[in-house]
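What you see below is based on every heavy atom in this structure, not just the backbone, and it leaves out hydrogens, waters and symmetry mates. Residue numbers begin at 1 in each chain, while the letters A, B, ... track the order of the sequences.
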Amino acid sequence: MLTLTDIRNKRDEIEKALAKRNLQAGETLDAILKEDENRRACQSELDAVLAESNSISKEIGNLFKSGKREEAEAMKVKTVDLKERSHELKEKQGQIDEELKQLLYKLPNVPHPSVPLGMSDEDNQVESEWGTKPVLADNAVPHWELTERYGLIDFELGVKITGAGFPLYKGKGAKLQRALIQFFLDNATDAGYTEYMPPLLVNEASGIGTGSLPDKEGQMYYMPADDLYLIPTAEVPLTNVFRDVILKEGDFPIKLTGYTPCFRREAGSYGKDVRGLNRLHQFDKVEIVAIEHPDNSYDTQKTMIEYVQGLLEKLELPYRTLRLCGGDLTFASALTFDLEVWSAGQGRWLEVSSISNFETYQSNRIKARYKGEDGKTHLVHTLNGSALALPRIVAALLENNQDEKGIRIPEALRPYTGFDYIS
RNA sequence: GGAGAGCUGGCAGAGUGGUCGAAUGCACCGGUCUUGAAAACCGGCGUGCCGCAAGGUACCGGGGGUUCGAAUCCCUCGCUCUCCGCCA
């Protein structure tokens, strides 16, 4: 969430920047400022009341000690009103804090100045394109036919065991998953990311920390018996490592990676895009996360993008890099780049990675800070990106590399798969 | 799952109703001394909020209660440890 200090100091700037998201935030901002004023007034009064009552209590103690019992008893009366008033004020302050929090939760992050104007994904800016789209034979097919033809994935069995969106990988299909995970993790650790293997279920505090909760869209699987949530991405446990942590200036950059399955209910997303591997309830992903000093976070984002681009190049997948426009930017992000691979069998681009700088939006929620050279604490910047999500990579790999003999495995992956063709 | 013990500042650990935001030790930072370092000595050393500041206020696992006053007593939730049970 945005910091109160920023809203206080840069209200108009923020309103203007949020307009890029096609959001009229003026009313909310004013409500926040007003509520903030109430909060401070309330706090000042409460502090004064408590100060008086504390000093009376101290006096009573002294009187008792020096044996002046009656005087002490008489003094107790004076605290009655103060006590009542302090209870009132505490309750009022609790309400104000809650309302303030709700208002702050409503506001998305302020877009970076470089974010282009736009309403939807159609307005995203293509930054660069790499590779050549393969020219496939006339009888080329989309991946869902290939996975069936070569016995790689059984969607029907997944339905039988669990339900739609839970594919069952078999044989070389399963091995390919394992190979990709290993390939991504090895590359990430070589690039200086420390591997973490986090829990797949998280508590409420972690969900709130990354903004996954409150889950307005009902995207997370919830286990009521234990009050836990299945993670929608490794970002949730990995970022929460730094919840309520105060780092030192010299700790940066902190770079983590982790493989996890990801669970998403995808409530409300039905239609043509859900075919095959395009959208699943459970999928595998290797995530990279960076915790950075505010001065360096945009440089770090750049290196993260280049890193993921390198992965796609090793996999010989044609891709393009998009700078997301204001209308397509996710709630918590200040600047996001999407990487899309060309899916030759479907004849369209598939989003495989989203690399975002959240600046202090997440760290303000999780209270991830560092002690600066000025001796004060400041919020860190958090970043993350997929590196990479498997299903669409698999879709493109299968489709783009199909020929009359079967499916060719890219060079870089062969040490991991142990086979160079699927036939 | 059952029984017991516990949860205090970066760590260790004292504190069982007032003078406690909290002793002491270690770690850390600054200084004196030294050619340099170590040792020794001196000083500093949690976080949030309000305030221009002085200062005030809150926090001893979370929440609630008793009391003029709670780290300390009570309730509740969470977690950790030990023993037992079950188990990959």
Check every strand shown and say whether A:Leu82 touches a base, only sugar-phosphate, or nothing at a heavy-atom separation below 4.0 Å. nothing

Between B:G1 and B:G65, how far is it from one P atom to the other, in whole Å? 30 Å

On a whole-Å scale, what distance lies between the C1' atoms belonging to B:C77 and B:C28? 36 Å

Quick check on B:C49: is either OP1 or OP2 less than 4.0 Å from any side-chain nitrogen or oxygen of A:Arg40? no

Quote, to the nearest angstrom, the C1' distance that separates B:U19 from B:G2. 46 Å

What's A:Ser53 touching, base or sugar-phosphate or nothing? Going by heavy atoms closer than 4.0 Å. nothing

Under 4.0 Å: is that the gap between some side-chain N or O of A:Asn54 and OP1 or OP2 of B:C68? no

Is there side-chain contact between A:Phe283 and A:Arg264, with heavy atoms separated by less than 4.5 Å? yes

Heavy atoms only, 4.0 Å cut-off, all strands: where does A:Lys371 land among base, sugar-phosphate and nothing? sugar-phosphate

Of A:Lys58 and A:Lys76, whose nearest nucleotide on RNA chain B comes first from the 5' end? A:Lys58

Taking the side chain of A:Thr79 as heavy atoms from C-beta outward, which of B:G56, B:C68, B:G48 is closest to it? B:C68

Using the P atom in both, what is the distance from B:G25 to B:A14, to the nearest Å? 15 Å

P gap between B:U66 and B:C74, integer Å: 15 Å

Give me the distance, rounded to whole Å, that separates B:A12 from B:U80 when you measure between the P atoms they each carry. 16 Å

Could you work out which one of B:C68, B:G48, B:C49 sits closest to the side chain of A:Ile60? B:C68

At less than 4.0 Å, is any side-chain N or O atom of A:Arg39 found next to OP1 or OP2 of B:C49? Yes or no. no

In the structure shown, which nucleotide is the Watson-Crick or G-U wobble counterpart of B:U66, with both distances under 3.5 Å? none

Provide the distance between the two P atoms, one in B:C20 and one in B:G56, to the nearest whole Å. 15 Å

At under 4.0 Å between heavy atoms, what does A:Asn62 touch on the DNA or RNA strands: base, sugar-phosphate, or nothing? nothing

So, do A:Gln362 and A:Thr210 sit near enough that their side-chain heavy atoms are less than 4.5 Å apart? yes

Check the angle between the aromatic planes of A:His293 and A:Tyr370 and answer parallel, tilted or perpendicular using the 30° and 60° thresholds. tilted

Taking the side chain as every heavy atom from C-beta outward, state whether A:Ser86 and A:Leu46 have any pair of such atoms under 4.5 Å apart. yes

